[in-house]
Amino acid sequence: MKKEETVRQLAIAIYTVNRHAKTATNNRELYTLKNKAIQRLLQSGDAKKIGLHFVDNPQLSQQSSTVLVKCSDFLFHTLPEKGDFTSLPHLGTQDQTFRNPQERMNLKTAKELLIEFVGEQKVPIKTRKPTFIPKRPKVSNTQSFRSSYLDGK
């Protein structure tokens with residue numbers, strides 16, 4: 001397979017992982033995998049940082065920016081590094097009319113491809129231990145309740 005086709009397959013895999021991460025309940029693993037793959041493509045010269053974009057929905061009403069990265073004919077956003085603010089042009093708000101090409105790839109296939117490309121067996125994620133919440137016992141209408149001071153006895 002030619003290098004351009006390999007890079008395009010990786011871009012489709014990143015696109016697939018990113019699309020699923022936007023709706024997943026536990027999306028940290030997917031975003032970590034996406035970011036590691038993009039960093040690897042940037043290091044190899046197969047992806048290029050284009051500029052900075054304002055974030056559409058910034059947290060805590062703070063203005064923040066993301067880095068626009070081009071890989072094949074796909075565009076992705078990643079978190080900026082310190083040097084990006086001085087070396088990249090600021091493009092303002094995101095162009096809502098641009099869409100990445102509609103490509104389909106199975107999520108499992110995309111993850112396997114990116115994990116192999118990144119060179120890790122499994123992408124480490126930080127997970128919080130679930131807190132134990134005891135279930136309340138169900139009370140049916142036929143169960144008798146203890147008398148209380150409200151009963152008037």
Side-chain angles (χ1 to χ4, degrees), residues 1-140:
M1 194 181 314
K2 290 191 271 183
K3 185 174 182 178
E4 296 88 29
E5 185 59 32
T6 303
V7 171
R8 179 159 172 72
Q9 286 298 311
L10 289 169
I12 293 170
I14 293 170
Y15 169 75
T16 302
V17 166
N18 191 44
R19 197 181 62 223
H20 281 82
K22 291 179 183 197
T23 58
T25 53
N26 187 7
N27 57 12
R28 188 179 302 225
E29 177 185 1
L30 295 174
Y31 278 129
T32 301
L33 184 58
K34 169 198 161 188
N35 289 327
K36 285 187 177 199
I38 289 174
Q39 288 302 318
R40 186 99 187 265
L41 286 166
L42 287 168
Q43 289 170 355
S44 67
D46 295 319
K48 182 182 175 190
K49 292 181 180 182
I50 304 295
L52 297 164
H53 267 158
F54 286 126
V55 175
D56 283 339
N57 300 312
Q59 294 178 345
L60 304 173
S61 299
Q62 300 286 327
Q63 187 64 59
S64 56
S65 297
T66 57
V67 176
L68 182 65
V69 176
K70 182 172 178 57
C71 179
S72 185
D73 50 349
F74 289 84
L75 295 175
F76 303 106
H77 286 102
T78 62
L79 296 174
E81 297 169 353
K82 206 170 204 175
D84 292 336
F85 291 101
T86 56
S87 64
L88 295 173
H90 208 293
L91 306 172
T93 59
Q94 296 179 22
D95 180 8
Q96 298 299 330
T97 60
F98 177 81
R99 295 284 182 246
N100 279 323
Q102 292 293 312
E103 294 286 345
R104 297 282 177 232
M105 182 182 281
N106 183 319
L107 178 61
K108 182 180 178 188
T109 306
K111 284 172 65 174
E112 288 172 355
L113 186 65
L114 293 179
I115 287 171
E116 182 182 327
F117 175 67
V118 170
E120 294 183 12
Q121 289 295 76
K122 188 171 181 188
V123 178
I125 56 170
K126 295 178 185 175
T127 56
R128 295 187 325 182
K129 288 186 178 180
T131 54
F132 176 71
I133 302 173
K135 290 186 176 180
R136 295 177 64 179
K138 291 183 179 180
V139 178
S140 68

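If you read the sequence from its start, that first residue is 1, and numbering goes on from there.
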**Study point:** Pairwise distance NZ(Lys111) to CG(Asn106) - rounded to 0.5 angstrom
**Key:** 10.5 Å
Practice item. List the steps and the verdict of side-chain hydrogen bond (donor to acceptor under 3.5 Å, both in side chains) for Gln43 and Gln39. Key: CA-CA 6 Å; Gln43 289 170 355; Gln39 288 302 318; 5.2 Å; no
Review point. Going through the checks in order, is the side-chain contact (heavy atoms from CB on, under 4.5 Å) test met by Ile14 and Leu41?
Key: CA-CA 11 Å; Ile14 293 170; Leu41 286 166; 3.6 Å; yes
Exercise for review: Determine, step by step, whether Val67 and His77 satisfy the side-chain contact (heavy atoms from CB on, under 4.5 Å) criterion, reporting the C-alpha distance in whole Å, the side-chain angles of both residues, the deciding distance to 0.1 Å, and the verdict.
Suggested key: CA-CA 5 Å; Val67 176; His77 286 102; over 6 Å; no
Revision key, fill the gap. Sorted by chain and number, sequence neighbours left out, salt bridge (Lys or Arg N to Asp or Glu O under 4.0 Å) with Glu112 holds for none
Exercise for review: Go through the structure and list residues passing side chain to side chain donor-acceptor pair (under 3.5 Å) with Asp46, not counting sequence neighbours.
Suggested key: Lys3, Ser44
Exercise for review: Kindly state each residue pair satisfying salt bridge (Lys or Arg N to Asp or Glu O under 4.0 Å) with at least one member in residues 75-87, sequence neighbours excluded.
Suggested key: Lys49-Glu81, Lys49-Asp84
Point to revise | Non-neighbouring partners of Lys48 that pass side-chain contact (heavy atoms from CB on, under 4.5 Å), sequence neighbours left out | key: none
Review point. Is a donor on one side and an acceptor on the other found under 3.5 Å between the side chain of Asn100 and the backbone of Leu75?
Key: yes
Revision key, fill the gap. Taking every heavy atom of Leu91 against every heavy atom of Gly51, the minimum-distance pair comes out as CD1-CA, 3.9 Å
Check your understanding: Can you name the side chain to side chain donor-acceptor pair (under 3.5 Å) partners of Glu103, sequence neighbours left out?
Key -> Arg8
Exercise for review: Look up atom CG in Asn18 and atom CG in Asn35, then write down how far apart they are to the nearest 0.5 Å.
Suggested key: 8.5 Å
**Study point:** Atom CG of Leu79: over 12 foreign heavy atoms under 6.0 Å
**Key:** no
Study note, to complete from the structure: CG (Leu52) and OG (Ser87) are apart, to the nearest 0.5 Å, by 8.0 Å
Review point. What pairs of residues pass the ring-ring contact (aromatic ring centres under 6.0 Å, His included) test when at least one of them lies in residues 26-46, not counting sequence neighbours?
Key: none
Study note, to complete from the structure: In this structure, CG of Leu113 is separated from CD1 of Ile12 (nearest 0.5 Å) by 9.5 Å
Check your understanding: Can you list every ring-ring contact (aromatic ring centres under 6.0 Å, His included) pair that touches residues 6-29, not counting sequence neighbours?
Key -> Tyr15-Phe74
Exercise for review: Please tell me if the side chains of Val17 and Leu107 come closer than 4.5 Å, counting only heavy atoms from C-beta onward.
Suggested key: yes
Review point. Lys36 side chain to Ile38 main-chain N or O, any donor-acceptor pair under 3.5 Å?
Key: no
**Study point:** Test item: Thr109 side-chain N/O and Met105 main-chain N/O as donor-acceptor pair under 3.5 Å
**Key:** no
Exercise for review: Please round to the nearest 0.5 Å and tell me the distance separating atom OG1 of Thr16 and atom NZ of Lys108.
Suggested key: 15.0 Å
Point to revise | Rounded distance [0.5 Å steps], CZ in Phe117 versus CG in Leu33 | key: 10.5 Å
Practice item. Output all residues satisfying side chain to side chain donor-acceptor pair (under 3.5 Å) with Ser65, sequence neighbours left out; order by chain, then residue number. Key: His90
Review point. What are the two closest heavy atoms between Val69 and Ala47, and how far apart are they?
Key: CG1-CB, 4.0 Å
Revision key, fill the gap. Here the pair of heavy atoms bringing Cys71 nearest to Phe76 is CB-CE1, 4.2 Å
